[in-house]
Amino acid sequence: MSSFVTEVLASSGKLEKDDLACKISKLSRKVEETKEEVTDMINKKYIEFIPSMEGAEELLDQVESVSKDIDLLKSCIENEVQQNLHDAVTEYAKLKQQLEKNTAVIDLLQHLQEFDTAIEEYHRALQEKNYVVAAKQHGKARASVNALKAWKDTELPLVRALSSEITIQRENLIYHLGEEWQKLAVWKLPSTKTELTSVKSFLKTALHLNRGGSKGDESVPHALLPSILQALSIQGELHKKIKLFGQVLFKYMLKPLIIFPSLVVEVSSQPEQGAVLSLQCTETKADHPDPSQVYIKVLTVLKTLHEQLFGTSRNPKSKKILQYQEGRSDLIWKEMSECIIRECLVHSIPANSSQLAEYSEVIKRTEDFESSLKEMGYLAGDSTDLLKYARNVNCHFASKKCQDVIVAARKLMASEMHNTVKITPEYKLSIPKLPSPSGGEKERKESCKKSAHYDQQSLENEKQLSPNTMCLPVCRISESVQQLMDLAIQTLSEAVGSSPQCAVQLFYTVRNIFHLFYDVVPTYHKDNFLKLPHLAAIQHNNCMFIAHHLLTLGFQFKPHLPLKDGVAYFVDLVPGFRRLGARCFVAQMNVQKAEMLERLSTARNFSNLDDEDSYSVASKAIRQVIHQLRRLGKVWQDVLPVNIYCKSIGTLLNTAISELINKIMMLEVGRRKRTPGSGVLL
């Protein structure tokens with residue numbers, strides 16, 4: 001058993017030794033192979049390195065040689081070719097400059113030729129009165145001169161001479177055109193010393209319009225006129241001529257026709273010579289011109305001018321000369337429309353709303369008037385201030401009405417207050433019958449049902465109030481205040497039938513009337529209210545009268561006015577008027593009390609009445625007080641309501657008696673013996 005193990009171990013160690021020897025031998029062979037490869041590589045690297053380096057050096061020498069050849073060639077090009085190129089460019093520039101000079105000379109000669117031709121044609125056309133051709137040729141000559149001026153050398157004597165010549169010829173052409181224009185429209189105007197303030201000062205105004213054609217040339221009507229107008233347009237003088245003509249036309253003919261109703265224009269035609277426009281006077285009772293008549297008179301003048309001067313419908317070349325009309329458009333329209341509005345349309349606005357429907361005729365006349373002006377070329381644009389003013393009649397009516405109402409109210413407030421009217425319980429404001437508001441029938445039916453229902457529930461023995469319970473007591477008020485209240489009612493009635501905007505404006509105008517009364521009357525009549533008891537009492541009644549009717553005035557017109565529900569109408573003014581009336585009368589009462597106390601103060605405290613002088617002074621003071629009370633009684637008795645009269649006289653009497661008692665009680669307390677004169681005085 002032991003020998004077997006030994007054999008196994010021995011065999012295993014032998015095997016391991018054989019494997020190591022095999023591996024070592026293999027490794028040795030690989031090392032030898034590696035050494036041979038390294039040796040070959042080193043030999044190849046260092047043995048073949050020198051030839052490669054030599055080849056590279058030879059190539060480098062070749063490159064340097066080629067570079068030198070390139071540099072030599074480059075320097076040759078720079079020295080020879082570039083010099084030749086510079087010479088060529090210089091020669092080209094000289095040739096180009098010479099060509100430009102030759103071209104400039106040719107252009108100069110061409111412009112001079114055009115100028116000479118244009119000037120010759122200009123002179124020929126000017127002699128033949130062919131002003132359009134003359135103006136065009138002058139324009140060509142001016143263009144040639146301007147082209148010459150565009151050169152750098154503009155200081156040539158030739159250019160200056162041509163510029164001077166073209167300016168002289170332009171002034172010559174304008175002079176001839178001006179002479180011809182003056183022959184077309186010849187004015188006969190009033191003397192410069194005459195003041196243009198009356199109709200008579202304009203009766204010498206006349207305008208003679210010449211047709212401008214020859215007498216035998218019937219086939220070409222207006223033969224000279226279009227030529228003049230077009231020549232003026234080409235020269236830029238048409239607008240200036242038309243503007244100056246329009247200013248004279250407006251000042252001496254159109255404006256007088258607008259302002260004075262008695263002035264009319266008369267057109268007299270003269271065969272083969274034109275027409276004459278002159279102003280004539282007619283009898284009329286109108287204070288302000290009627291818009292329709294004004295439009296007719298203005299259109300008569302402008303249509304005559306259109307036919308005699310500016311009309312081109314009969315001219316076969318009318319399409320080419322429509323540019324004349326641009327000089328007429330809107331030149332005097334602004335001034336003329338403002339004058340028509342100020343002198344005519346303002347006064348044609350209706351005074352009451354019932355006449356507003358008739359004003360549509362004025363609006364139509366205004367539209368036709370502007371349409372006629374547009375057809376003749378006097379007006380450009382769609383809508384003008386004149387037509388806008390006429391169409392906005394409701395606003396202008398309201399403004400005019402409000403202004404008239406305020407002016408009338410102020411006159412009433414500034415008038416004398418002595419003239420009075422008696423107010424009785426039966427007095428009622430004269431409110432006109434108002435139209436039924438929308439939905440009024442339904443409301444009336446409902447109110448009838450409610451009243452019937454209440455009548456059924458009413459008791460048979462129910463007590464009724466007196467008809468005079470809510471009425472003013474008998475008193476006197478100023479006639480001007482009654483008229484003021486009538487004015488307010490009339491204005492509110494106007495508001496009922498007006499447009500919503502106008503109605504609101506009129507309503508607030510009525511409120512402004514009462515605000516104005518509240519502010520103006522106490523200030524304007526302040527001294528009289530303090531000096532005259534009669535006026536103070538009247539002012540008290542006036543304020544109470546206004547306050548009384550303001551309570552219900554707003555509710556009477558409320559269903560008929562387009563106002564919001566929150567508007568207070570006139571109720572908010574009532575306390576202020578009551579305070580105003582009471583304050584005025586209390587101030588007068590204080591004045592009377594002061595006078596009464598001043599008279600009693602002269603009684604020497606009613607002392608020493610045994611003395612004749614003291615008794616006479618005290619007696620005089622009491623008689624003066626009694627006279628004052630009697631005078632106030634006569635003044636106030638027929639003016640103030642009975643209760644106010646009794647309270648005021650009683651208050652003053654109480655003041656006198658109280659003062660008298662106080663004076664007597666202030667006598668010496670220690671005097672036991674009664675003063676004999678006091679008893680007599682009392």
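All figures in this text were calculated on a predicted structure; none of them were measured in a lab.
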Quiz prompt | Audit row: V521, L516, side chain to side chain contact (heavy atoms under 4.5 Å, CB included) steps and yes/no | solution = CA-CA 8 Å; V521 174; L516 193 65; over 6 Å; no
Quiz item: Taking it one step at a time, do I489 and F557 satisfy side chain to side chain contact (heavy atoms under 4.5 Å, CB included)?
Solution: CA-CA 9 Å; I489 294 174; F557 289 90; 4.2 Å; yes
Quiz prompt | Verdict with reasoning, K297 to L254, per side chain to side chain contact (heavy atoms under 4.5 Å, CB included) | solution = CA-CA 8 Å; K297 292 188 288 186; L254 294 180; over 6 Å; no
Practice problem: With side chain to side chain contact (heavy atoms under 4.5 Å, CB included) as the test, would you mind laying out the steps for V639 and T420 before giving the verdict? | Solution: CA-CA 9 Å; V639 176; T420 60; over 6 Å; no
Identify each donor-acceptor pair in which a side-chain atom of residues 505-513 lies under 3.5 Å from a protein atom, sequence neighbours left out, and give them as a table.
residue	atom	partner	partner atom	Å
T509	OG1	Q505	O	2.7
R511	NH1	Y569	O	2.1
R511	NH1	D572	OD1	3.1
R511	NH2	D572	OD2	2.9
N512	ND2	Y508	O	3.1

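Without hydrogens or angle criteria, Q628 side chain to Q592 main chain gives a donor-acceptor distance under 3.5 Å. Within the 3.5 Å criterion, the main-chain N or O of H396 finds no donor-acceptor partner in the side chain of S399. Formation of a donor-acceptor pair under 3.5 Å by the W636 side chain with backbone atoms of I644 is not found in this model. No donor-acceptor pair under 3.5 Å is formed between the side chain of S619 and the backbone N or O of S616. Between the side chain of H525 and the backbone N or O of M413, at least one donor-acceptor pair lies under 3.5 Å. Between the N662 side chain and the S658 main chain, a donor and an acceptor come within less than 3.5 Å of each other. Of the possible polar contacts, one joining the K400 side chain to the I349 backbone as a donor-acceptor pair under 3.5 Å is found.
L629 approaches I649 most closely through the heavy-atom pair O-CD1, 4.3 Å. Here the shortest heavy-atom pairing between N541 and P641 reads OD1-CD, 3.6 Å. Here the closest heavy-atom approach between residue I363 and residue L387 is recorded as O-CD1, 4.3 Å. Closest heavy-atom contact between Y252 and T205: O-CG2, 3.3 Å. Looking at every heavy atom in both residues, P261 comes nearest to P289 through CG-N, 3.7 Å. Of all heavy-atom pairs spanning I258 and I340, the tightest one is CD1-CG1, 3.6 Å.
Applying the side-chain contact (heavy atoms from CB on, under 4.5 Å) test to K647 and every residue at least two apart in sequence or in another chain returns nothing. Listed by chain and number, the residues in a side-chain contact (heavy atoms from CB on, under 4.5 Å) with V346 are I341, Y389 (sequence neighbours excluded). Residues passing the ring pair (Phe, Tyr, Trp, His ring centres under 6.0 Å) test with H549, sequence neighbours excluded: F545. With sequence neighbours excluded, the residues that form a side-chain contact (heavy atoms from CB on, under 4.5 Å) with C543 are F517, Q539, L580. Here A536 pairs with C584, Q588 under the side-chain contact (heavy atoms from CB on, under 4.5 Å) rule; sequence neighbours left out.
Heavy atoms of other residues, nucleotides or ligands lying less than 6.0 angstrom from CD of E367 number more than 12. More than 12 non-hydrogen atoms from other residues, nucleotides or ligands lie less than 6.0 angstrom from CZ of R631. Within a 6.0 Å sphere centred on CD of Q501, heavy atoms belonging to other residues, nucleotides or ligands number 12 at most. Shown here is H627, whose NE2 atom has no more than 12 heavy atoms of other residues, nucleotides or ligands within 6.0 Å.
Within the 4.5 Å cutoff, the side chain of V474 has heavy atoms near those of the P425 side chain. Between P473 and V642, the closest side-chain pair of non-hydrogen atoms is not below 4.5 Å. Between L573 and Y518, every side-chain heavy-atom pair lies at or beyond the 4.5 Å cut-off. Side-chain contact check for Y524 versus R410: every heavy-atom pair is 4.5 Å or farther apart. L492 is not listed as a side-chain neighbour of Q556, based on a closest heavy-atom distance of 4.5 Å or more. The side-chain heavy atoms of H418 and L535, taken from C-beta on, include a pair separated by under 4.5 Å. By the 4.5 Å heavy-atom criterion applied to side chains, F369 and P291 are not counted as neighbours. Residues V362 and L345 are in side-chain contact: their nearest non-hydrogen atoms beyond the backbone lie under 4.5 Å apart.
A salt bridge links K364 with D368: the closest approach of a Lys/Arg side-chain nitrogen to an acidic carboxylate oxygen falls below 4.0 angstrom. The pair E335-K255 does not count as a salt bridge, with every side-chain nitrogen at least 4.0 angstrom from each carboxylate oxygen.
With rounding to the nearest 0.5 Å, the separation of OG in S415 from CD in Q483 is 7.5 Å. In this structure, L652 CG and M596 CE are separated by 4.5 Å, a value rounded to the nearest 0.5 Å. To the nearest 0.5 Å, the span separating CD1 on I546 from CG on L553 amounts to 11.0 Å. Note: F529 CZ to H534 NE2 = 11.5 Å, rounded to the nearest 0.5 Å. Atom CZ in F260 sits 13.0 Å away from atom OG1 in T282 (nearest 0.5 Å). If you take CD on E595 and CG on L632, they are separated by 8.5 Å, rounding to the nearest 0.5 Å.
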